[in-house]
Peer 1: 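The following block contains the structure, expressed as structure tokens.
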Amino acid sequence: MDNGMPTRYDASLSEAKWYEAWENAGLFKPDSDLGKPVYAITVPPPNITGSLHMGHALCYPLQDLLGRYRRLRGDSVLILPGQDHAGIATQSVVEKQLRAQGTSGAQIGREAFIERVWEWRTESGDTILNQLRRLGCAFDWSRQRFTLDDRYAEAVLKVFIDWFDRGLIFRGKRVVNWDPVLQTSVSDIETERKTVRGKLTYIQYPYADGSGHVVIATTRPETMLADVAVAVHPSDERYKDKVGKMLVLPLMNREIPLVADVYPDPAFGSGAVKITPAHDANDYQVGVRHNLPMPVLLDARAKITEAGGPYAGLDRLEARKRIVADLEELGLIEKIEEYDIPIVVSERSGEVIEPLLSEQWFCDQPKLAEPIIEAVKRGDVKFHPDRYDRIFLEWMENIREWCVSRQLWWGHRIPVYFTDDGRAVAALSWEEAEKKAGAKIVRQEEDVLDTWFSSGLWPFATMGWPQETDDLKRFYPTSTLITDRNIINLWVARMMMMGYDLMGEKPFSDVMIYATVLREDGKRMSKSLGTGVDPMSVIETLGADALRYTLLSQTGENQDLRYSERRTEDARNFCNKIWNATRFVLMNVDQTPKEPSELEASDKWLLSRLHLTERKVRAAYDHYDIQSACQALFHFFWGELCDWYIEISKPRLNDPATKETPQWVLLTAIEAFLKMMHPVMPHLTEELYQHLPLDGKAAFLMSADWPNIPSYYSFAEEEASMERVFEVTRGLRALRASIDLTPMKPIPVAYYQGALHGGEQVLSSQAWVQELREGKPNERAVSSTVAGVDLHIPIGDIIDVEKLCASLRMELAKVTDNHDKLKLRLENPQFVERAKPEIVERERATLADMEAHITKLKERILLFTP
RNA sequence: GGGCGGUUAGCUCAGUGGUAGAGCACUUCGUUCACACCGAAGGGGUCACAGGUUCAAAUCCUGUACCGCCCACCA
């Protein structure tokens, strides 16, 4: 009878088993039936340096959920995973390893270094992918891609060459973010803005003609060595007659001009700004406008160059101290103030970023952005939540050139070759470059491309582009992109630009932005601070499905999600509840029951709820509103199927003459529920599905169809009457509990007056009521009224009369209070006039009920008052 | 400086005009053969604040405060 199923669900037994079974059955690959609608996701590639964190444990199962859902709905689904070489992140990890071994990249050279990185990748690169398997992600591993695979790399170079030839990529001198430790330019996303307490130093720059001085303020005094001007606002009265004069740059004894420019804010400090074009993006603009020289003061390691004269060779911070001291000695320091300085820090090295003028490769994003803006405005690509439409558009409209070159080794080397006569051509190889240039090539560009350049091709390079593969034809454009909000601009925008430009079509239709997973206290999880929760250890103790449910059931339009392990325990309990309820059904059903011709009210009620649940869940999944789907499923299963239907049907199940109908209803409900729950809890549902005695079921739940709940399972009348029955049942239980003040045996008899709508059976099946009678008892009883039904439980004299009266009076006070308020409202002519008629009608009925209730309460109080 | 999100029960959050909801936690009761990772009954909220619109506001409008995130060239 117990069919061998233990009383607790053991996640560790099921999870590995079913994952392997699915994979062996080839279920992670798209259906070969070309007639089916397609659903495709190219999964955001995790870094090869990565290991799983809670954000991943949400993001990847979310994609798995969508894939599994669409599969059940009958689509041919492709979920294509892969990895990103993550240039700067990976290179800095390997550099660190080399340093620990007492060597460095510079020492072993480019080729040996790259070899080392590849070695490291094969060693530990697949860790995170295996962790995704552990989470149950049904991804098509046979199509797995890596951004440095040969074919992928060729696609990257082809794009570069194409854009170079079309003038969309060009070389230029700009002020970029320079990381002095990693010695490369870095993108804005690889930097972090902070404010630190520092000093603002006011320095006097004397006029060359001896007519006094100008005071400038700076947070980086050492940059003065490369100053080429001082700027003031043209409208600034204080300098009206001084513009054009020359100043003597202290310490360097160089003459620099006082220029008028719109950049300085006259309200700030003295209104005069020192101009260092090579080390500040604003100053650079001023330098360009006034055609000023741009001496570079810092080298790649942020040491002072020859341009710094006597300070050459010093580190910038050392130079800063010396310069302030020297100026002090000269009496040129006006004052030094404590000041909150905004600084930019490299995410990878932690070092303060130096703005540095250097020669880099740039991509003309403003040009590429044009079609994107139109597309989003047209609704070609939609964001979820939709507020991101505007945020995205705003950024696209203000987009700037993109520095695509990195001074790294790990990545796609820029395919630009220089000829002996100084020209640059882009080509796939040295030979091709010579042919293309018609000249001798002397060297190839050393820099590599920004990681985002290659990941921007992800939706189509993974499918074999630039070849016209079958996958591309079938699955591009993809359906949904799931990502976190931090990389909308850096990654999503690039995929859009590259997709529209190179494929002539959007890369995906929907972009879903998921919540940031925070700690329980609302703070960020930080790996370096050790405040993160490790998903793998949670999976070990509570199971992958419980973790998935925890995160997915909190996924909607919210921007943050607080993770609490307690919630995963609740989710585990839910798994167990599903396990045991199904176990109960299996203990009572040994073969497929036939669909009955006649249903009782409770059967119709459950089927009706099932029907409604299916509609809710489907709509919720369709709108990425996973939390509503989970809520509907939880409520249906625990609150309706378990709490009510199973209990109600027990007497019928125990009688061979009546058991078949509830058997069929239970099996129908369980099967449908498992299917709907499957995208969230794939392992548990598969395990249970395999036990179900269903004729002609699919080999795997994973490959089954979405449940078909016919609309004739909708029974409004039975729903309403059963709800009333439940209310009465709860009322009787409450009545029982209210007299349980003293030890009580089961109630021998309960009375009722009023229409039970077929609920007699439900009430008498309650084991604690031995007999149910219609009418009113002659003896003393406690009573209450629920849903228009009077309930009485005879009590003899074993009761605390005072306590009972007190609680009756409290109830009376409460009801009277509500009654008076409602009455007042109904006496207000404006309410009766202006409110919707059905509202007024309803309120009148409520008032009548309240009046009846009050009368009864008064009677009952009298009954117990001596 | 600009923009966005949030503020509802002890905790985590649903709830877009009609007398406040869920899960957990808490209190009391209960080991009747699916499940104690369970069941039953309870207690608990002037819906951040101030105005306004409306017969009616957690819900719509305006403003304020606090928390968080994003963007930004103030030395």
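Below, chain A is the first sequence line, B the second, and so on; all start at residue 1.
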Peer 1: Does the Lys NZ or Arg CZ of A:Lys650 fall within the cation-pi geometry relative to A:Phe584 - under 6.0 Å from the ring centre and within 45° of the axis?
Peer 2: yes
Peer 1: Does a nitrogen or oxygen in the side chain of A:Lys814 sit under 4.0 Å from OP1 or OP2 of B:rU19?
Peer 2: no
Peer 1: Kindly express the pairing pattern of RNA chain B in dot-bracket notation, using | wherever a base pairs with another strand and counting only Watson-Crick or G-U pairs under 3.5 Å.
Peer 2: ((((((((.[[[[.)..(..]]]].(((((.......))))).....[[[[[..)....]]]]])))))))....
Peer 1: Please tell me if A:Asn573 has a side-chain N or O lying less than 4.0 Å from either OP1 or OP2 of B:rC38.
Peer 2: yes
Peer 1: Give the nucleotide from the list B:rA41, B:rC69, B:rG39 with an atom nearest to the side chain of A:Arg524.
Peer 2: B:rC69
Peer 1: Under the 3.5 Å rule, do the base of B:rA56 and the side chain of A:Glu843 count as making a donor-acceptor pair?
Peer 2: no
Peer 1: Output the single nucleotide from B:rA14, B:rC35, B:rA75 whose closest atom is nearest the side chain of A:Arg583.
Peer 2: B:rC35
Peer 1: Taking only the side-chain nitrogens and oxygens of A:Arg400, find out if one of them lies under 4.0 Å from OP1 or OP2 of B:rA72.
Peer 2: yes
Peer 1: Check whether any side-chain nitrogen or oxygen of A:Tyr339 sits under 4.0 Å from OP1 or OP2 of B:rA75, and answer yes or no.
Peer 2: yes
Peer 1: Taking only side-chain nitrogens and oxygens of A:Trp638, does any of them come within less than 4.0 Å of OP1 or OP2 of B:rA34?
Peer 2: no
Peer 1: Which nucleotide, B:rA75, B:rC35, B:rG68, lies nearest any side-chain atom of A:Glu647?
Peer 2: B:rC35
Peer 1: How is A:Thr846 classified with respect to the nucleic acid when contacts are heavy atoms under 4.0 Å: base, sugar-phosphate, or nothing?
Peer 2: base
Peer 1: Side chain of A:Lys577 only, please: which of B:rC4, B:rC74, B:rC38 is the nearest?
Peer 2: B:rC38
Peer 1: Between B:rA34, B:rA75, B:rA41, spot the one nearest the side chain of A:Pro342, thanks.
Peer 2: B:rA75
Peer 1: Look at the side-chain N and O atoms of A:Lys836 and state whether any lies under 4.0 Å from the OP1 or OP2 oxygen of B:rA56.
Peer 2: no
Peer 1: Say we look at B:rA22 and B:rA40: how far apart would their P atoms be, to the nearest angstrom?
Peer 2: 13 Å
Peer 1: State which of B:rU19, B:rA75, B:rC37 makes the closest approach to the side chain of A:Asn576.
Peer 2: B:rC37
Peer 1: Of all the nucleotides listed (B:rC35, B:rG3, B:rA75), which has the minimum atom distance to the side chain of A:Val273?
Peer 2: B:rA75
Peer 1: Where the side chain of A:Asn282 is defined as all heavy atoms beyond and including C-beta, which of B:rC24, B:rC73, B:rC38 is the nearest nucleotide?
Peer 2: B:rC73
Peer 1: Give a yes/no on whether any side-chain N or O of A:Arg562 is located under 4.0 angstrom from OP1 or OP2 of B:rC13.
Peer 2: yes
Peer 1: Could you check whether A:Ala281 gets within reach of a base, just the sugar-phosphate, or nothing at all, counting any heavy atom under 4.0 Å?
Peer 2: nothing
Peer 1: Which one, B:rA40, B:rC4, B:rA75, comes nearest to the side chain of A:Phe268?
Peer 2: B:rA75
Peer 1: Is it true that a side-chain atom of A:Ser270 and a backbone atom of A:Val215 form a donor plus acceptor pair closer than 3.5 Å?
Peer 2: yes
Peer 1: Quick check on B:rC24: is either OP1 or OP2 less than 4.0 Å from any side-chain nitrogen or oxygen of A:Arg566?
Peer 2: no
Peer 1: Does B:rG42 have OP1 or OP2 under 4.0 Å away from a side-chain N or O of A:Arg736?
Peer 2: no
Peer 1: Look at A:Arg572 and B:rC37 and indicate whether a side-chain polar atom (N or O) is within less than 4.0 Å of OP1 or OP2.
Peer 2: no
Peer 1: If the C1' atom of B:rU59 is compared with that of B:rG52, how far apart are they to the nearest Å?
Peer 2: 15 Å
Peer 1: Can a salt bridge be assigned to the pair A:Lys335 and A:Glu337 using a cut-off of 4.0 Å between side-chain N and carboxylate O?
Peer 2: yes
